[in-house]
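Shown next, in structure tokens, is the structure this report addresses.
Each chain gets a letter, A, B and so on, in the order the sequences are listed, and its residues count up from 1. Both backbone and side-chain heavy atoms feed into the values below; hydrogens, waters and symmetry mates do not. Source: prediction; values computed, not measured.
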Amino acid sequence: MYKTKIDNLDLKQIADSGQCFRWKNTGENEYTVVAFDRALRIKQDGNEFELDCDEADWNNIWKSYLDMDTDYAGIAKLIADGDDAHLKEAYAYGSGVRILRQDLWEMIVTFMISQNNNIKRITNSVDLLCRRCGHKIDGSAEGGELYTFPKPLEVPDEVFDDRSMGFGYRAPYLKEIYGYGANNPDWLDNLRKMSYDEAMESLLTRKGIGKKVANCICLFGLHHVDAFPIDTHVKQLLDKYYSDGFDFERYKGVAGIIQQYLFYFEL
DNA sequence: CTCCAGGGCAGCG
DNA sequence: CGCTGCCATGGA
């Protein structure tokens, strides 16, 4: 058990913010998080957190995952000092939203599934995929068994042909990316070394990854915080509240986080 | 019944 | 280039 205080972090807000599809609400103010082939139970009481791990795991894994190295207080000040009334309202509503540093492969596959899809169906497909092709994580009996996210070579082709997975028309894209990942084992590490623009270019060469999905992968899987994914909701919100244009220049370097506040508020 | 969901692709002009 | 129709699927 590790205890710590964290500001600008709300488990429920993050769980509902549409960036992670494998968080489970396992109790009052308690979530079970699955990432990097591990599970972690987190309990929140205000800004006090109890994490079901030791201090070494916190320092080595979860501290980074929860984006403790980003200055969220500074972003709060940037918003407060500005004159964007709608953004201030959005921030007041979801100041506990963060951009998690999630597993890159999981983000690639998950956001390919997400295209022209809804969060409930995305969650269901991801869950079915993990259950069928991942392996069980130790000590995950209570609150349902937990599984790792299937890596390349861990998903047989027939899984993509199975209609009950709910992949719909995206199934061939997923089959292709799993094959590409298997044949190009250095791809993920190379992506991690690239700039935002380079990563976008590499991602866009894959079938089923367009501009929006590539931006989500850059933001959630590579932590390129300037990535600003524009989906149907963000497009609507930009039209509604920012018909004169959004001030990307002011929020350069944190635009992706701002986008997430706006997105979460719009939901 | 239609419309929509954290879109992208191919086929046009 | 931009525009359009289509893609599979379940819920509203």
Side-chain angles (χ1 to χ4, degrees), chain A residues 12-23 35 67 86-87 90 93-94 97-129 131-132 149 155 157-180 196 199-242 246 248 255-267:
Chain A
K12 179 172 169 46
Q13 289 178 12
I14 292 177
D16 296 340
S17 73
Q19 61 177 302
C20 50
F21 299 89
R22 300 216 294 150
W23 280 34
D67 202 21
H86 180 256
L87 176 56
Y93 180 77
V97 172
R98 285 171 173 247
I99 304 292
L100 301 173
R101 295 183 188 250
Q102 301 188 73
D103 176 72
L104 177 56
W105 179 251
E106 181 171 340
M107 292 303 97
I108 291 173
V109 175
T110 300
F111 279 93
M112 287 179 74
I113 294 173
S114 80
Q115 67 158 274
N116 197 26
N117 207 343
N118 59 61
I119 291 179
K120 188 182 170 79
R121 287 192 74 245
I122 300 163
T123 304
N124 186 245
S125 283
V126 169
D127 189 55
L128 288 173
L129 180 62
R131 239 168 237 289
R132 182 154 169 183
F149 192 90
V155 183
D157 277 353
E158 68 220 35
V159 172
F160 302 111
D161 302 328
D162 183 347
R163 294 292 187 80
S164 71
M165 299 299 288
F167 296 140
Y169 71 92
R170 313 160 193 84
Y173 301 154
L174 296 169
K175 188 189 285 189
E176 199 277 341
I177 201 70
Y178 263 88
Y180 186 78
Y196 168 50
M200 282 293 289
E201 188 181 347
S202 180
L203 287 165
L204 288 171
T205 63
R206 298 294 99 215
K207 272 197 178 183
I209 301 182
K211 202 170 173 184
K212 188 269 170 183
V213 169
N215 267 307
C216 282
I217 295 167
C218 282
L219 182 57
F220 302 129
L222 293 167
H223 211 268
H224 286 305
V225 193
D226 261 327
F228 195 95
I230 299 179
D231 72 320
T232 53
H233 295 117
V234 175
K235 188 177 173 58
Q236 286 170 27
L237 133 203
L238 287 176
D239 288 344
K240 216 190 313 179
Y241 303 106
Y242 299 95
F246 181 77
F248 286 99
I257 300 176
I258 301 296
Q259 182 268 8
Q260 198 63 11
Y261 293 140
L262 295 172
F263 176 82
Y264 176 68
F265 185 51
E266 189 70 10
L267 284 190

If the condition is ring-ring contact (aromatic ring centres under 6.0 Å, His included), which residues does [X] pass it with, not counting sequence neighbours?
X: A:Phe149; result: none
X: A:Tyr264; result: A:Tyr93
X: A:Trp23; result: none

Original post:
Can you check whether A:Arg163 has a side-chain N or O nearer than 4.0 Å to OP1 or OP2 of C:dT9?
Top reply: yes
Got [X] and [Y] here, is their nearest side-chain heavy-atom distance under 4.5 Å?
X: A:Thr110; Y: A:Ile122; answer: yes
X: A:Asp16; Y: A:Leu267; answer: no
X: A:Met107; Y: A:Leu219; answer: no
X: A:Asn215; Y: A:Met200; answer: yes
X: A:Gln115; Y: A:Arg170; answer: yes
X: A:Asn117; Y: A:Phe167; answer: no
X: A:Val109; Y: A:Leu129; answer: yes
X: A:Ile230; Y: A:Lys211; answer: no

Filtered N/O pairs between nucleotides 3-5 of chain C and protein, under 3.5 Å:
none

So salt bridge (charged side-chain N to carboxylate O under 4.0 Å, His left out) across residues 102-118 of chain A, not counting sequence neighbours, yields A:Arg22-A:Glu106
Using a cut-off of under 3.5 Å, enumerate the N/O to N/O pairs linking the protein to nucleotides 10-13 of chain B.
{"residue": "B:dA10", "atom": "OP1", "partner": "A:Lys207", "partner atom": "NZ", "Å": "3.1"}

I need the [atom1]-[atom2] distance between [X] and [N], as an integer number of Å.
X: A:Asn116; N: B:dG6; atom1: CG; atom2: C1'; answer: 10 Å
X: A:Phe111; N: B:dA5; atom1: CZ; atom2: C1'; answer: 14 Å
X: A:Ile113; N: C:dT9; atom1: CD1; atom2: C1'; answer: 14 Å

Scan side-chain atoms only and decide if A:Gln13 and A:Tyr261 contain a donor-acceptor pair under the 3.5 Å cut-off.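 Checked: A:Gln13/A:Tyr261 side chains show no N/O donor-acceptor pair below 3.5 Å.
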Can you pull out the residues from [range] that lie within a 4.0 Å heavy-atom distance of DNA chain B?
range: residues 166-180 of chain A; answer: A:Tyr169, A:Tyr173
range: residues 227-238 of chain A; answer: A:Pro229, A:Asp231, A:Thr232, A:His233, A:Val234, A:Gln236
range: residues 13-21 of chain A; answer: A:Ser17, A:Gly18

The salt bridge (charged side-chain N to carboxylate O under 4.0 Å, His left out) partners of A:Lys207 (sequence neighbours excluded) come to none
Per-pair stack call A:Phe263 and B:dG6, 5.5 Å, 30°: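 Per 5.5 Å and 30° rule: yes, stacked.
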Which residue in the set A:Lys240, A:His233, A:Gln236 passes side-chain hydrogen bond (donor to acceptor under 3.5 Å, both in side chains) when paired with A:Glu266?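 By the side-chain hydrogen bond (donor to acceptor under 3.5 Å, both in side chains) criterion, A:Glu266 pairs with just one of A:Lys240, A:His233, A:Gln236: A:Lys240.
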Quantified in whole Å, what is the [atom1] atom distance between nucleotide [N] and nucleotide [M]?
N: B:dG6; M: C:dG5; atom1: P; result: 24 Å
N: B:dC1; M: C:dG11; atom1: C1'; result: 14 Å
N: C:dG10; M: B:dG8; atom1: P; result: 22 Å

Would you tabulate the nitrogen or oxygen pairs shorter than 3.5 Å linking the protein to nucleotides 10-12 of chain C?
none

| query | Is the ring centre of A:Tyr173 less than 6.0 Å from the ring centre of A:Phe160? | reply |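 Between A:Phe160 and A:Tyr173, which both carry aromatic rings, the centre distance is not below 6.0 Å.
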For A:Ala214 and A:Leu203 the tightest heavy-atom approach is O-CD1, 3.9 Å
What's A:Ile122 touching, base or sugar-phosphate or nothing? Going by heavy atoms closer than 4.0 Å.
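It contacts nothing in the nucleic acid.
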Between A:Ile209 and A:Asn117, who's closer to the 5' end of DNA chain B by nearest nucleotide?
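Comparing both residues, the 5'-ward one is A:Asn117.
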Expected list for residues 210-219 of chain A near DNA chain C, using heavy atoms below 4.0 Å, is none
*asked:* Nearest 0.5 angstrom please: A:Asp67 CG to A:Gln102 CD, how far?
replied: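 CD of A:Gln102 is found 11.0 Å from CG of A:Asp67.
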query: Within the distance-only criterion (no hydrogens, no angle test), does the side chain of A:Gln259 pair as donor or acceptor with the backbone N or O of A:Ala227 below 3.5 angstrom?
result: no
Under the 3.5 angstrom rule, does the side chain of A:Thr205 hit a backbone N or O of A:Ser202 as a donor-acceptor pair?
-> yes
inquiry  = Parallel, tilted or perpendicular: which one describes the rings of A:His86 and A:Tyr242, with boundaries at 30° and 60°?
reply    = perpendicular
